[in-house]
J.: 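Take this structure first; my questions come after.
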Amino acid sequence: MVTNSYIVETLEITAKLMELHDADEFRIRAYTNAVFYIDKYTGDLATLDFGQLTQIQGVGKMMAGKILEIVSSGTLKELQELLANTPEGVIDMFKIKGIGVKKIKVLWKEVGIDNINDLQIACENGSLANTKGFGGKTQESILQSIAFLNSQTGKLRMDKAQALAEVIQEDLKKYFARVEISGEVRRKNEIVESLLFLVSNADTHAGGFFGGLPESFVEDPKASSPFTWRGRYLDNKIGLEIKWVATYQFLHKQFIYSADANHLKRKNEKGQTLLKVSKTDGLASEEEVYEKYGIPYIIPEMREGDFAFDWIQTRKNEDLVSWESLKGIMHNHSTYSDGRHSLEQMATYCQELGFEYLGIADHSQSAQYASGLLITKVQQQHAEIEQLNKKLNASGGKPFKILKGIESDILGDGSLDYPDEVLASFDYIVASIHSNLNMTEPRANERLVRAIENPYTTILGHPTGRLLLSRQGYPIDYKLIIDACAANGVIIEINASPYRLDLDWRWIQYALEKGVMLSINPDAHEMEGYHDMHYGVAVARKGGLTTDMTFNALSLADMEAYLAKRKGR
DNA sequence: GCCGTTTTCGGCCCGACTGTTTTCAGTCG
């Protein structure tokens, strides 16, 4: 079934190509305008008929027909024609940050550059700066963006990697008796550079193990060897590695390919490494590997580097945060700002999932692109929350509460986005940076610390603003920021969106040492977004976060007590 | 191409930032 985001992306690229090919400016605007509204549509577009589609703002008779065409055929005839008349390299250039359709049009039609490689050369030899509208700084930023792009190709975010790995696993199961996902996916890395599978047959083959794989597995014969197949799956750019393992070796191989090198080579008191111990004959489980090595079991997520060896000395695996230990959801959006579902829908679904509270934190007034809340809207939302809180508890049962929050923009000077009397009307405040992301480290630190020192700040939202594989985020001094949070009793968010996973899990231990609590926040813009907390939990466990230091593992009563005490200071 | 009417066609749009400009165009969230 065609998803809403697929329809949006199809119309978006069509609009871009139309602009590239000199279509009427207002016709193009109609496309982007329609995209703007259908992106907000909460139902399934694929299920709507012509009449229902034209009810959507920005969608007229023509656009409704286009959407139906995408739903039935998977594409647009118009788009196919545009694509046929555009070099592939030009389309690739859309991925470069900082240049848009207009500049790409100049590059292609006036300068004659139709691929990223030629563009890079023109920037490196400085010739691009001679073109009107381009200068030295633009050249520099294009080069930086290309370098970033190159460093990201062939990598996947954990959500995509996990999904693809499961598809491949199912496919491989047709050919092998046993197929296990190993490597980075099993370790729950936030970015995955290669997919690794271990396979074995019921009996050993004489003539090669991978001969029967179908065409969806594209082998690179130069990189492969008799026991290791290397290549790609369909047109995915990420590297794929399949290792054939004899049945009796499976445990040992699964163990060493699930951990990273630093984890395997750390020595115990007897001078043995885990790598060596795992080879011992007769071991039946990974638990036994650690037992024989002389320490408690370490979960696969934590087999990155060697911090887990120290962690396990003072903590237990049962102390690690889990989905089941979460009691509420703290950072969520509704239709009051840029969310797809109403306050009531968000609350009802949260209650259905068994949580005790929902923190609504819509965007604040300066975030106009996201329909941030003007003060009157804030008051209106608070009134609705109070009504809903009565309604949702009317039938008795487990108490449930919507908490009045806001995701306040951190303004350029580090202040929050409302006057004090409005800030005081919230139960809690998530403070995040959304604008002016181009900052030097000192400037970013100063801006963040000022926000952290604001007595109304409860949680620091996505501390670096990074978007994995697409935006680096502004540079910060992690220790300085975490220390400031410790000094001011501010909680740090682990934004659980697979695009962010920010705070980076590598800083969880430092935060815990300083006594800073962390909150696993989905930043949900729709009901299903709550499930992103699974990614947040995965990286939180990877970094060794314990339930007792997880903010949204507090019960409703403890959360209310905390927020009341915090407000009273 | 869509919308909202001045119902048959004219106007359409969000603001901050950046870089390349000598007063503005392009990009982005």
J.: Can you tell me, in whole Å, how much space there is between the P of B:dC28 and that of B:dT20?
T.: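 Going atom to atom, P in each nucleotide, I get 15 Å.
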J.: Are any protein N/O atoms closer than 3.5 Å to N/O atoms in nucleotides 23-27 of chain B? If there are, list each pair with its distance.
T.:
from   : atom 1 : to       : atom 2 : distance (Å)
B:dT27 : OP1    : A:Gly100 : N      : 2.3
B:dT27 : OP1    : A:Gly100 : O      : 3.1
B:dT27 : OP1    : A:Lys103 : N      : 3.2
B:dT27 : OP2    : A:Lys102 : N      : 3.4
B:dT27 : O5'    : A:Gly100 : N      : 3.2

J.: Would you mind reading off the distance between A:Leu374 atom CG and B:dC14 atom P, rounded to a whole angstrom?
T.: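 Interatomic distance, CG of A:Leu374 to P of B:dC14: 14 Å.
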J.: Nearest-Å distance, CE (A:Met63) to P (B:dC12)?
T.: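 So the CE-P distance, A:Met63 to B:dC12, works out to 19 Å.
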J.: Can you establish whether the number of heavy atoms outside A:Gln120 located under 6.0 Å from its atom CD is more than 12?
T.: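 Yes - once you tally the heavy atoms of other residues, nucleotides and ligands closer than 6.0 Å, there are more than 12.
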J.: Nearest to the side chain of A:Thr138, heavy atoms from C-beta on, is which of B:dC3, B:dG19, B:dC2?
T.: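 Selected nucleotide: B:dG19.
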J.: OP1 or OP2 of B:dG19 versus the side-chain N and O atoms of A:Ser141: is any pair under 4.0 Å?
T.: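 So the side chain of A:Ser141 is outside the cut-off, no N or O lying under 4.0 Å from OP1 or OP2 of B:dG19.
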J.: Using the C1' atom in both, what is the distance from B:dG26 to B:dC13, to the nearest Å?
T.: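 The answer is 15 Å between these two C1' atoms.
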J.: What residues form a side chain to side chain contact (heavy atoms under 4.5 Å, CB included) with A:Pro419, not counting sequence neighbours?
T.: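 A:Pro419 satisfies side chain to side chain contact (heavy atoms under 4.5 Å, CB included) with A:Ile375, A:Glu421, A:Val422 only.
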J.: Mind checking the C1' distance from B:dT22 to B:dG11? Whole angstroms is fine.
T.: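 So the two C1' atoms sit 31 Å from each other.
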J.: Answer with base, sugar-phosphate or nothing: what part of the nucleic acid does A:Leu467 contact at a heavy-atom distance below 4.0 Å?
T.: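 No contact.
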J.: In this structure, how many angstroms lie between the C1' atom of B:dC17 and the NZ atom of A:Lys137, rounded?
T.: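 Rounded to whole Å, this separation is 12 Å.
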J.: I want to verify a distance call: between B:dG29, B:dC13, B:dC2, whose nearest atom is closest to the A:Arg471 side chain?
T.: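 Comparing B:dG29, B:dC13, B:dC2 against the side chain of A:Arg471, the answer is B:dG29.
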J.: Report the residue from A:Lys542, A:Lys160, A:Arg500, A:Arg506 that forms a salt bridge (Lys or Arg N to Asp or Glu O under 4.0 Å) with A:Glu190.
T.: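 Among the candidates, only A:Arg506 passes.
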J.: Suppose you measure atom C1' in B:dC12 against the same atom in B:dC17; what distance do you get, rounded to whole Å?
T.: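 It comes out at 24 Å once rounded to the nearest Å.
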J.: Taking only the C1' atom of each, what is the distance from B:dT8 to B:dG1 in whole angstrom?
T.: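 B:dT8 and B:dG1 have their C1' atoms separated by 16 Å.
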J.: Can you tell me how far P of B:dC28 sits from CD1 of A:Ile96, to the nearest Å?
T.: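 The distance from CD1 of A:Ile96 to P of B:dC28 comes to 11 Å, rounded to the nearest Å.
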J.: Expressed as a whole number of Å, how far does the C1' atom of B:dA25 sit from that of B:dT21?
T.: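 It comes out at 9 Å once rounded to the nearest Å.
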J.: Can you check the distance between B:dC14 and B:dG10, where both ends of the measurement are the P atom (answer in whole Å)?
T.: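 Those two atoms are separated by 23 Å.
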J.: The test is salt bridge (charged side-chain N to carboxylate O under 4.0 Å, His left out); show your working for A:Glu110 and A:Lys105 and say whether it passes.
T.: CA-CA 8 Å; A:Glu110 291 175 28; A:Lys105 191 164 146 186; over 6 Å; no
J.: Would you say the ring centers of A:His341 and A:His525 fall short of 6.0 Å from each other?
T.: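 Here the rings of A:His525 and A:His341 have centres that are no less than 6.0 Å from each other.
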J.: Please round to the nearest 0.5 Å and tell me the distance separating atom CG of A:Leu128 and atom CD1 of A:Ile113.
T.: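 The CD1 atom of A:Ile113 is 5.5 Å from CG of A:Leu128, to the nearest 0.5 Å.
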J.: Does B:dC2 have its OP1 or OP2 closer than 4.0 Å to a side-chain nitrogen or oxygen of A:Asn33?
T.: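 For B:dC2, neither OP1 nor OP2 has a side-chain N or O of A:Asn33 closer than 4.0 Å.
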J.: Rounded to whole Å, how long is the line connecting atom CD of A:Gln139 with atom C1' of B:dT18?
T.: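 Taking atom C1' of B:dT18 as the reference, CD of A:Gln139 is at 16 Å.
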J.: According to the 5.5 Å centroid and 30° plane-angle thresholds, does A:Phe134 stack upon the nucleobase of B:dT20?
T.: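 A stacking contact does not exist, since A:Phe134 is not both close and nearly parallel to the base ring of B:dT20.
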J.: Given the ring of A:Phe355, does A:Lys327 sit roughly above its face, with NZ or CZ under 6.0 Å from the centre of the six-membered ring and within 45° of the axis?
T.: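 Cation-pi check for A:Lys327 and A:Phe355: fails.
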J.: Starting from P on B:dG19, measure out to CG on A:Asn436 and report it in whole angstrom.
T.: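 Taking CG of A:Asn436 and P of B:dG19, I get 12 Å after rounding.
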J.: Nearest-Å distance, CD1 (A:Ile142) to C1' (B:dT20)?
T.: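 Checked: the CD1 to C1' distance equals 13 Å.
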J.: Under a 3.5 Å cut-off for both contacts, is B:dG26 paired Watson-Crick or G-U wobble with anything, and if yes, with which nucleotide?
T.: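 Base partner found: B:dC17.
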J.: Starting at atom CZ of A:Phe36, determine the distance to atom P of B:dG29, rounded to an integer number of angstrom.
T.: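 That distance rounds to 15 Å.
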J.: Quick check: A:Phe426 with A:His382 (ring centres under 6.0 Å apart)?
T.: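 Yes, the ring centres sit under 6.0 Å apart.
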